[in-house]
Every structure is written in structure tokens, then in C-alpha cells.
There are 2 protein chains.
Amino acid sequence: MARVDGGAGSSRAATLSDVARLAGVSIATASKAINGRDEVAPATRKRVLEAAEQISFTPNQLARSLLAGRTGTVGLLTSDLEGRFVIPILMGAEDAFGAGQVNVFLCDARGDAIREQHHLKALLNRRVDGIIVVGRQTDPRPSLGQHLPVPVVYAYAPSDDPADLSITPDNRAGGRLAVEHLISCGRSRIGHISGDPAYAAARDRLLGVRDGLQAAGLELVGDAMFSIWSEHWGRDAAAMLLTQHADVDGIVCGSDQIARGVLDTLRDLGRRVPEDVAVIGYDNWEILATNSRPELTSIDANLQQLGRVAAKRVFTALDDEKPSGTEYLPVRLVIRGSTIARR
Amino acid sequence: MARVDGGAGSSRAATLSDVARLAGVSIATASKAINGRDEVAPATRKRVLEAAEQISFTPNQLARSLLAGRTGTVGLLTSDLEGRFVIPILMGAEDAFGAGQVNVFLCDARGDAIREQHHLKALLNRRVDGIIVVGRQTDPRPSLGQHLPVPVVYAYAPSDDPADLSITPDNRAGGRLAVEHLISCGRSRIGHISGDPAYAAARDRLLGVRDGLQAAGLELVGDAMFSIWSEHWGRDAAAMLLTQHADVDGIVCGSDQIARGVLDTLRDLGRRVPEDVAVIGYDNWEILATNSRPELTSIDANLQQLGRVAAKRVFTALDDEKPSGTEYLPVRLVIRGSTIARR
DNA sequence: CTGTTAGCGCTTTCAG
DNA sequence: CTGAAAGCGCTAACAG
């Protein structure tokens, strides 16, 4: 059977021995020349590099990895269907590892434990140097266990086993930051509309909101309102809140989606934002935050930095002792027109 | 230097020779037993498998790949920062390849050609079996060239070289589908508000809209309106359109974002949707389409299927002759409340 | 049925 | 400075 050739010329990728033959040196010398070892005569190196160039030799990483015992690959195991969290984390990881030094296998388990095990096994078979597990909630998730041959770091969703290392955004600090911002904008009648109370994110953010209020000697206006993470709920909840507490002048929302809904209702009711009521969202999901009327102030979880940190931890765990516990990363306030009017 | 052990027990991953020794057979026999070859006595196989289980042996894919010349990995090279297109495509690819058979390296070039070359080289060094290039627009993008040792398929953004194989959604058909749906809803005064005219997507969808109108003997109300892909523009454009053509009863939007803006303005002006004006979006971006008032009918590009097809093409290109040209994939209408009122 | 041998492509001692 | 040889972990002939 004739090998169909891509038209590139060589029917097979060039190997080091091809280079060596062409340069008239041994394989060992070719290897040293190409890897920039200094035990090679300059003239020889030049000859080897030219030969390599000529047949467009690229070193086979598989062979290198097999020998080195390290592959320079990391597995990113996720259940984040939307990619909302996983993409910035992936980018942060790429950054931390340094351009092109490390490549990332992205596996989507789709919330299925079986599939997750499947992917985990595949990653281990491919001898990844480490694994980052990315969840889509900040609720603790089942640990992959302690008996894995490579370091594992849990990002966004922490592991339920304190023996694991987890990196997660500090939602409580975020809630506090949000309310402090409203207070600094001169608000004192502050309500809180959030999402599904089954989420740790919802509960933690509320704790932070209460922290901030208490520190200022304030109390929440009405009860914290929970239901689901949607614009629809944001609209309905805002209507309820405004009916019962017409004097509200600030609303901390549990997500940008909810905040968008809240903005809709405020507009329907003729309340000006931010003059009458200031609104702050959570997540800083650009597509939502920058397109609303007015644009939405929000809390950003610094996911890209989270990815960087997770990646760094994977690497330090390769060398040093493995740290454990949950690390809470600071969040960031992004101010837009929903809390401070444009001039 | 003492090797810090994760606590798992063995300080080194078990190899086939460990298994063979424990089972009291040769390495070759162990290999055959584990790979389910039938030239092994049942008793021997049992012994080997138990030994493997006992020391939790997992075959080293690197070694296998080195020998086989195929790695069972594919590179996904993207510039889709948001992950909006790349994630469904990744999922489709995983599906097509079969669970766990193939793993995907995801590389984000961030729109930088240098970084793209860097990643490309890294992928080739790792001996991926194929590459899928995912763009974030449907405009043709520069080809990676014909001189690559592995098959390359361009997904979403086609290559500018017809010698490459590209898979892209059929935007023209989508525009037509959208307008046909409005017509079938009884609309005849139809306007079009789209995004950046520098995008092929904007132009192609308009062509489709005109196709559909012409087939029904209709003409576009006013000029097609172009600017940018944002809600803000959608709001402004709708206001302009309604001012100049108060009798519009249907609006085809170039994106869901624009459609969201259009809905806002219609509500502000007191027009009922869909009774007075029916609105259809494009992309079926769930977060936008399912949270609007009313929910948004939209055109879905079937990105997951696009990923499946791209993956399949990579594989067939491995064996057979490599096809080329641009393949347009059908799109799908998703009907919600913005064109047909809920009962 | 089982074991021996060779070798995938590369790096690394260690003699010359 | 250069090259021969060993070997990373595995599979594929081929004898036995």
C-alpha cells in the first residue's frame, strides 16, 4: 500500500539519526549540539544545526519524556460545561508554566463521576506531571483520593478532603468588598438578592455582606433573598424587595445575572441607577456586566490568577513537600456605572 | 537526596517488568496478557492481571506511542479567548473520538501569530495525530501551511487556502432560516440589525436574509444596519429603525446580544414582543437567550456537531486521502417566546 | 503457549 | 571534543 504523502516531501518525520547522518557525526554528538550543551566544537554544532534545519528536524518529545520521566504536560479535569471558569484558569496555567514549556490536556467530565474516572486514568496513562481539577461551584467536591502518583490541585471548587490542596476565591471577602463599596458610595439601606442557597458561594457571600454591614453598624434591609441564579429571579426579587422596602438605596447581588434582572426592574419602576439605588453584581462576567444599562459594577474572582497559582502549586508540589488545605484568593472590585454615575 | 513520597506507597510508577516479575512471567507475556491478546493461557492471564492490579500498574502511553507512531492526542489551537466556540467544539471532538481514546491539548494563542507558531511547534513536537484550528470569527484566517506532517482541520474560522479543509457554519442558510421563520409567523415588514460589517458572519447572514425575503417576494424594511456586536448598538439601532419605519413587525438580529438590546428598546417604546414585533437572535447563546423578556428565538450553529465533524475529518485524513475545501454545516432554529407567544 | 530479541527516538554516562 | 553503548517502557516478530 502506497503511503499517501502530505506533499511535504519526507514521508516520515526526521529523526536525530537522520540529522547525525547528514551532518556526519554520531547521534550522541548531534543530540548535544541540538540541546546546546557546551561539550561540542562550534564548527560541529553549526554543521548539526544546519542539517537539522535542512530536514526540518523536530525532537520527538515522547522519546525525551520517556527518558526524562517528566512530560511537561498537565491535565485540566473539569466539569465546567460553559467554560466560563475553566478558560481563564487554563490561560493562567499556560502563563505560569511559561510559554510553550508545558501543554495542557483539557478533559470535560460533564459532571459525570464515571467519565471523570475515565479521564483521570487516561491522564495518568499519558504521564501528565500534574492535574488541576476545576469545578464550577465553590462547594467542596469529592477528592480524587490521596493515592495518585502526581500532584493534584483543586481550583475554584475545593476538595472535600483537607489533605488535598485547594485554591478557591474568597467569596466571603467578596461579599464584604461589595457592601463596603456601596457604603462608601453613601448607601445605608442595603438589600441582598442572591441565587441558590444550596451553593456555598451564595452563603459565603452573604456572610461577607453581613461582615461589612456589621462593621459599619448597619443591618441588612429585609431578609437576604435566595432562589436561583437567573435574571428572571433578579427581576422578581427586586420587585418584591422594592415593594416591601421602598427606601432601599443599595443592592448587593449574588451574580451578574441577578444584577441584570434587578436593573431591569428598577428601570421598570422608574428608579434611577445609581442615583436612587446602587447595584453591584458578582463574577464580572464581561458580556453581562458591560452591556447593561448602566454598566454593572461587579466583583471579579481573578480566575486567571487562580489558574496561575494552581499551576504554580502543581509545580512546587513536584519538587518540594506537598502543601495542603484550602487557599483563599483575594477578589477584586470592578467599578462601573451601576454604583457611581458617569460624569 | 530522599525522594519525598506522596504517601501512596510505591515511590515510582509500576512498570510492565514489575508486573512480569511479580507474576513470574516474561515481559512479553505480561504485555500480551494485559492487552487481551489471545495467545495467552487463561491461568497465566489471570495471574498477570492480578499482579497488575496489586501494584496498580498502568501502561505508559508514552512508550506505547513511541512504538506505535500514533499518540492518540489531538491539538486544539484556538484564539477564542472567551471559550464560547471552543468549548462545544472540544466536547464534540471528545465525543467523536470516543470516550478516553483520544485526549485533546488545548492551546490558546490569544490572537497572537507568534504564540500560535510556538504552540504549533510544541504540538508537533509532542507528536499529536492531528490539529484542529478554532477561530472566533467565520472570516478566513491564515493557513498554517501545507507542509505539516499531520492533518489539520479548520473549525469555525475557515482557512484562506482552499487546499486546506475547513468546517464552518452556514451563516447564509442561517440568515435565510431566520427570515423564513419570521415570515411563517406572519411577518412581512422585516428589518435587519447586525454587527460589525467587517465580519463575514454579518455579511453572510445578510445575504441569507435577502435570499429569504426575495423568495417570499418581500423586501427589507429600511437598510440593513451595521455597527458593532453589542447590546448598546442593538438598543440604539432599534430606536432608529422604529423611528423611521414604525410599521416594522419583525427584526432579524445579527447576534443574541444585539437582539437583547432590541428587546430593551421595544419594551421602552411600548411595543409588545412578539405580538407587535417579532425578534430573532443569532448564536443561541443560552445565557442571553433564555434570560430575556421574552426569551429569545435564535439560530444555533450546532457547534458541538461542528466539533464532531472536525474531529472525524482529522481521523479520516489520517487514513485516507485528505479532502479539502470548505464544508458548510447546517444551522438550527431554536424557537422561544420572542417570535411565538407562550400560551 | 511462552520467552528471547530487537527497536521506537532520544539522552546520558563513560571511554577514547 | 566525539562516539559507542546502555536504557527509558513497551510491543512485535520469531523461535522454542
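Numbers restart at 1 for each chain; the letters A, B, ... are given by sequence-line order, proteins then strands.
Residues meeting the side-chain hydrogen bond (donor to acceptor under 3.5 Å, both in side chains) test with A/Thr15, sequence neighbours left out: A/Ser17. For B/Glu116, the side-chain hydrogen bond (donor to acceptor under 3.5 Å, both in side chains) partners at least two apart in sequence or on another chain are B/Arg141. In terms of the side-chain hydrogen bond (donor to acceptor under 3.5 Å, both in side chains) criterion, residue partners of B/Glu327 (sequence neighbours excluded) are, by chain and number, B/Arg313. The side chain to side chain contact (heavy atoms under 4.5 Å, CB included) search around B/Thr71 returns A/Leu62, B/Ser65, B/Thr73, B/Arg127, B/Asp129, not counting sequence neighbours. Listed by chain and residue number, B/Ile34, B/Arg45 satisfy the side chain to side chain contact (heavy atoms under 4.5 Å, CB included) test with B/Leu49 (two or more places apart in sequence, or in another chain). Take B/Asp164 and apply the side-chain hydrogen bond (donor to acceptor under 3.5 Å, both in side chains) test, not counting sequence neighbours, and it matches B/Ser143, B/Gln146, B/Ser159.
The CG atom of B/Asn35 sits 17 Å away from the P atom of D/dG9 (whole-angstrom rounding). Atom CG of B/Asp38 and atom P of D/dT11 are 16 Å apart (whole Å). Protein atom CD1 of B/Ile34 is 8 Å distant from nucleotide atom P of D/dC10, rounded to whole Å.
A/Arg37 comes within 4.0 angstrom of sugar-phosphate atoms only, judged by non-hydrogen atoms across all strands, and of no base.
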Under 4.0 Å protein heavy-atom contact, by nucleotide of nucleotides 2-8 of chain D - B base, S sugar-phosphate only: BBB--BB
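Judged by distance alone, with hydrogens and angles left aside, the side-chain atoms of A/Arg126 form no donor-acceptor pair with the main-chain N or O of B/Gln61 at under 3.5 Å.
Residues in residues 49-68 of chain A take part in these salt bridge (Lys or Arg N to Asp or Glu O under 4.0 Å) pairs, two or more places apart or across chains: A/Lys46-A/Glu50. Here ring pair (Phe, Tyr, Trp, His ring centres under 6.0 Å) pairs that include residues 27-55 of chain B, with residues two or more places apart or in two chains, number zero. The list of ring pair (Phe, Tyr, Trp, His ring centres under 6.0 Å) pairs with a residue in residues 34-87 of chain A, not counting sequence neighbours, reads A/Phe85-A/Tyr156.
Overall, the helix from C/dC1-D/dG16 to C/dG16-D/dC1 carries an axis bend of 50° between its ends, with five pairs at each end and the value rounded to 10°.
Bracketed by its first and final contacts, the part of DNA chain C lying under 4.0 Å from non-hydrogen atoms of chain B reaches from C/dC1 to C/dG9 in 5' to 3' order.
In summary, A/Arg110 and B/Glu94 engage in a salt bridge, as defined by a charged side-chain N under 4.0 Å from a carboxylate O.
Checking the phosphate oxygens (OP1, OP2) of D/dC10, no side-chain nitrogen or oxygen of B/Arg64 falls inside 4.0 Å.
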